[in-house]
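Notes to accompany the following structure.
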Amino acid sequence: MHRADPELSRLVDCVKSARTEHAALDIQGGGTKQFYAEAPRGEPLEMRALTGISSYEPTELVVTARAGTTLAELELVLA
């Protein structure tokens, strides 16, 4: 399923590799809430390239956004 999306494929491969090696990953986005978390540990795994709205059902008030989607992008779609 994810093979059609090269960025998603890259992320899946990174996660699989880390799992095989029993390595920690530091999943990163825009860094806007980093102060909530503990000190990062593990190899950084950048999510910002994984953007976009996957589905939007306005009658149900449900939106599904990919991990790297910015709040500004989401607000633009919902406006």
Side-chain angles (χ1 to χ4, degrees):
M1 178 175 133
H2 60 80
R3 294 294 169 194
D5 182 337
E7 184 57 32
L8 183 55
S9 181
R10 183 189 71 78
L11 290 171
V12 168
D13 291 343
C14 286
V15 171
K16 285 180 177 179
S17 176
R19 181 174 184 236
T20 300
E21 298 169 12
H22 300 284
L25 291 173
D26 177 23
I27 299 173
Q28 299 177 347
T32 58
K33 302 290 186 231
Q34 221 168 9
F35 61 91
Y36 280 124
E38 298 175 7
R41 64 181 184 89
E43 192 68 28
L45 182 61
E46 182 62 53
M47 296 299 213
R48 284 188 275 194
L50 194 63
T51 63
I53 307 299
S54 299
S55 68
Y56 177 37
E57 297 293 333
T59 59
E60 298 292 324
L61 301 175
V62 174
V63 62
T64 304
R66 297 176 86 187
T69 306
T70 64
L71 185 56
E73 183 180 350
L74 184 58
E75 289 174 336
L76 184 65
V77 170
L78 298 177

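On a predicted model such as this, the values are computed, not experimentally measured, just so you know.
- Separating the CZ atom in R41 from the CG atom in L25 is a distance of 10.0 Å, to the nearest 0.5 Å.
- Within the 3.5 Å criterion, the main-chain N or O of G52 finds a donor-acceptor partner in the side chain of T69.
- No side-chain donor-acceptor contact under 3.5 Å links S9 to the backbone of D5.
- The CD atom of E7 sits 12.0 Å away from the CZ atom of R48 when rounded to the nearest 0.5 Å.
- At a threshold of 4.5 Å between non-hydrogen side-chain atoms, the residues P6 and R10 do not count as touching.
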**Report entry** Worked check of side-chain contact (heavy atoms from CB on, under 4.5 Å) between L11 and L50
**Finding:** CA-CA 9 Å; L11 290 171; L50 194 63; 3.7 Å; yes
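- Separation of atoms CG (L8) and CG (D13) is listed at 9.5 Å; rounding is to 0.5 Å.
- Rounded to the nearest 0.5 Å, atoms OG (S17) and CD (E43) are 9.5 Å apart.
- The minimum heavy-atom distance linking T51 with G68 is given by the pair CG2-O, 3.3 Å.
- Pairing each heavy atom of G29 with each of E46, the nearest pair is O-OE2, 3.5 Å.
- One hydrophobic cluster holds both I53 and L78 under the rule that ILVMFWY side chains link at heavy-atom gaps under 4.5 Å.
- The shortest side-chain heavy-atom distance between V63 and L74 falls under the 4.5 Å cut-off.
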